[in-house]
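We're numbering straight along the sequence, starting at 1. Fair warning: this is a prediction, and the values are worked out from it, not measured in the lab.
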Amino acid sequence: MLGVQLAELLDADPPGVAEALDLMAGFDDTLVHGLARLGEERAAALTALAGAVAASPLGPAVAEAAGKVAAGSVSDDHLAALAGARTALFGAVHDARLADLDAALGRTREAWQEPPAAPPEAQSMLAGSRSWLRELAIAGWRGVGHDLVSAADQTIEALLAEPELRRLAVLLDGLAAELRASSPLATAERLPARRWADLWARAMTLSWEGGRSGAAPPVESVSGRLLLLGVDVHEHGTAVQAQVHAVLEPADGAPARLVRTSVVAAKVDTIVGPALWRLLHGHPTLLTALAERRALEVADLPLLAGGDLVWHDDRATAGEPADPFATARIQLAGALAPPVPPLERHPVRIAEPVLLEGYTTDGSALELAGRTLPVDLDRLPACGPLTPALVAASSACIGLLRRDGGRWMVQPLAVQATVKRKPVEVHGGDWALGITDPKVAKAEARAGDAVAVLRERAGRLLRK
């Protein structure tokens with residue numbers, strides 16, 4: 001990424017974005033205090049939200065919802081309309097930001113094509129989730145207590161039992177867990193109002209009749225050569241996900257495409273650091289490609305409409321070594337970017353792979369052609385060898401450009417650096433098959449293998 005491109009991106013401020021964010025801040029404040037306690041200012045925030053989408057197909061429904069809620073009548077229909085309006089406005093902000101990014105990078109993006117409609121889901125369980133979300137909105141975050149949080153348990157348990165509804169179930173479970181962990185909310189000094197409003201609105205749209213509460217069906221199957229760029233590890237107390245960013249060279253000779261693929265495993269909060277890779281042992285081909293920096297030959301992998309490959313390890317073969325930095329230099333600029341599904345259109349979900357070179361850095365920010373780009377060090381995975389010190393010593397980086405906290409940031413996935421006067425290349429997936437640093441391996445051995453211990457204990461319990 002050249003300095004002039006970075007300047008275009010950092011200087012761009014799409015018209016209307018600040019006003020849209022102010023409108024949504026007003027709506028989010030109504031959820032803090034609850035729809036049961038609307039004053040004039042918060043009722044005006046609902047009216048302003050309705051005015052922002054008045055010219056869209058949502059306009060009449062949102063205007064009616066704002067009026068009814070301000071008058072004290074709160075129904076699922078009204079809340080769905082308000083959640084839809086909020087989602088649409090954030091989608092517009094997302095589109096403006098992503099258009100700036102694509103223009104700065106010269107990146108071409110595929111147009112969104114609506115996939116086939118999903119079959120109807122279990123409406124009674126979806127109604128149960130909407131009922132809980134309605135009670136949250138009425139009470140407001142300040143009014144949420146233990147009883148209201150616990151009221152979701154039965155609904156979440158029922159949703160988790162249905163594979164097609166687990167996406168919604170995990171979302172509701174996460175929101176309930178955050179509310180429970182933040183109690184007492186009435187006296188909390190600060191609340192993550194935007195985050196909780198994001199979760200609430202997304203859950204409401206997913207749970208509405210006709211919404212896709214499960215994953216969208218694949219739109220095609222693809223074969224070809226997969227050239228890996230890097231891996232982004234998402235860790236939670238109960239789960240870990242390795243999301244791999246790559247360039248796909250289709251076997252039919254079609255243009256190269258930017259794709260993602262993810263593998264997930266359940267975990268407990270005592271399994272952290274490099275031990276996380278052992279939980280993903282069911283995907284040895286993918287882990288080998290990450291650790292040894294190899295290309296993959298894939299056959300008939302399902303591709304979702306948003307550019308995600310559904311991973312099947314038995315449909316992939318590790319091929320020749322393939323340098324991710326060479327892939328980024330040669331392929332990244334011309335690869336076709338995937339479209340963004342409607343419900344994924346939110347600025348914080350932007351994570352676009354880029355190659356940055358020729359910069360100077362102190363580790364916290366990259367200086368390139370007189371421009372400053374902050375580095376998101378908090379996202380460096382604890383399960384890999386990437387460290388802030390390596391970032392500080394780097395001169396080239398494959399990373400994900402993100403929009404967070406009102407600014408652009410880069411999350412490093414791999415770096416080329418100079419350590420003790422020697423050039424080194426370090427990738428986040430280098431330890432996918434085991435720790436390669438002797439000092440770290442020795443420390444991990446002294447700490448013990450948490451995965452092996454837990455598996456042995458689980459085996460004893462099952463034998464009883």
Inset, instruction - Using the test ring pair (Phe, Tyr, Trp, His ring centres under 6.0 Å), find all partners of Trp196 that sit at least two apart in sequence or belong to another chain. - result: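 Applying ring pair (Phe, Tyr, Trp, His ring centres under 6.0 Å) to Trp196 gives Trp141.
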
Taking all heavy atoms of [X] and all of [Y], pick out the closest pair and write down the distance.
{"X": "Leu46", "Y": "Ala66", "value": "O-CB, 3.7 Å"}
{"X": "Val170", "Y": "Leu160", "value": "CG2-CD2, 4.5 Å"}
{"X": "Trp132", "Y": "Leu148", "value": "NE1-O, 2.7 Å"}
{"X": "Trp200", "Y": "Ala137", "value": "CZ2-CB, 3.9 Å"}
{"X": "Leu159", "Y": "Ser129", "value": "CD1-CB, 4.4 Å"}
{"X": "Ser207", "Y": "Leu126", "value": "O-CB, 3.4 Å"}

Legend entry - Leu98/Arg345 under side-chain contact (heavy atoms from CB on, under 4.5 Å): CA gap, chis, key distance, verdict: CA-CA 10 Å; Leu98 190 60; Arg345 292 165 58 238; over 6 Å; no

Under the 3.5 angstrom rule, does the side chain of [X] hit a backbone N or O of [Y] as a donor-acceptor pair?
{"X": "Arg403", "Y": "Gly406", "result": "yes"}
{"X": "Ser131", "Y": "Ala127", "result": "no"}
{"X": "Trp277", "Y": "Cys383", "result": "yes"}
{"X": "Thr205", "Y": "Arg202", "result": "yes"}
{"X": "Ser183", "Y": "Leu185", "result": "no"}
{"X": "Arg37", "Y": "Ala139", "result": "yes"}
{"X": "His427", "Y": "Gly429", "result": "no"}

Do [X] and [Y] come close enough that some side-chain heavy atom pair is under 4.5 Å?
{"X": "Leu380", "Y": "Pro412", "value": "yes"}
{"X": "Arg293", "Y": "Asp430", "value": "yes"}
{"X": "Ser364", "Y": "Val375", "value": "no"}
{"X": "Asp28", "Y": "Arg86", "value": "yes"}
{"X": "Val340", "Y": "Arg349", "value": "no"}
{"X": "Pro347", "Y": "Phe90", "value": "yes"}
{"X": "Leu175", "Y": "Leu136", "value": "yes"}
{"X": "Leu286", "Y": "Leu280", "value": "no"}

Inset, instruction - Could you check Leu309 against Val244 for side-chain contact (heavy atoms from CB on, under 4.5 Å), going step by step and ending with a plain yes or no? - result: CA-CA 10 Å; Leu309 292 170; Val244 178; over 6 Å; no

Assess whether atom [atom1] of [X] is packed by more than 12 heavy atoms of other residues, nucleotides or ligands within 6.0 Å.
{"X": "Glu367", "atom1": "CD", "result": "yes"}
{"X": "His234", "atom1": "NE2", "result": "yes"}
{"X": "Arg180", "atom1": "CZ", "result": "yes"}
{"X": "Glu220", "atom1": "CD", "result": "yes"}

Nearest 0.5 angstrom please: [X] [atom1] to [Y] [atom2], how far?
{"X": "Arg134", "Y": "Asp77", "atom1": "CZ", "atom2": "CG", "value": "10.5 Å"}
{"X": "Leu332", "Y": "Leu258", "atom1": "CG", "atom2": "CG", "value": "6.0 Å"}
{"X": "Thr387", "Y": "Leu377", "atom1": "OG1", "atom2": "CG", "value": "9.5 Å"}
{"X": "Leu413", "Y": "His245", "atom1": "CG", "atom2": "NE2", "value": "6.5 Å"}
{"X": "Thr238", "Y": "Asp173", "atom1": "OG1", "atom2": "CG", "value": "7.5 Å"}
{"X": "Leu35", "Y": "Glu135", "atom1": "CG", "atom2": "CD", "value": "11.0 Å"}

Inset, instruction - Indicate yes or no: does Arg167 engage Glu162 in a salt bridge with an N to O separation below 4.0 Å. - result: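 Answer for the salt bridge query: no.
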
Legend entry - Distance-only polar pair, side chains of Glu357 and Gln416, donor-acceptor under 3.5 Å: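 No, Gln416 and Glu357 have no side-chain donor paired with an acceptor closer than 3.5 Å.
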
Legend entry - Candidate list Leu296, Leu301, Thr261, Val298, test side-chain contact (heavy atoms from CB on, under 4.5 Å), partner Leu248, passing option: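 By the side-chain contact (heavy atoms from CB on, under 4.5 Å) criterion, Leu248 pairs with just one of Leu296, Leu301, Thr261, Val298: Val298.
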
Inset, instruction - I would like to know whether Arg379 and Arg402 meet side-chain contact (heavy atoms from CB on, under 4.5 Å); could you show each step before the answer? - result: CA-CA 11 Å; Arg379 292 183 184 267; Arg402 295 184 176 274; 3.4 Å; yes

Legend entry - Derivation of the side-chain contact (heavy atoms from CB on, under 4.5 Å) call for Arg371 and Tyr359: CA-CA 10 Å; Arg371 310 298 299 188; Tyr359 54 79; over 6 Å; no

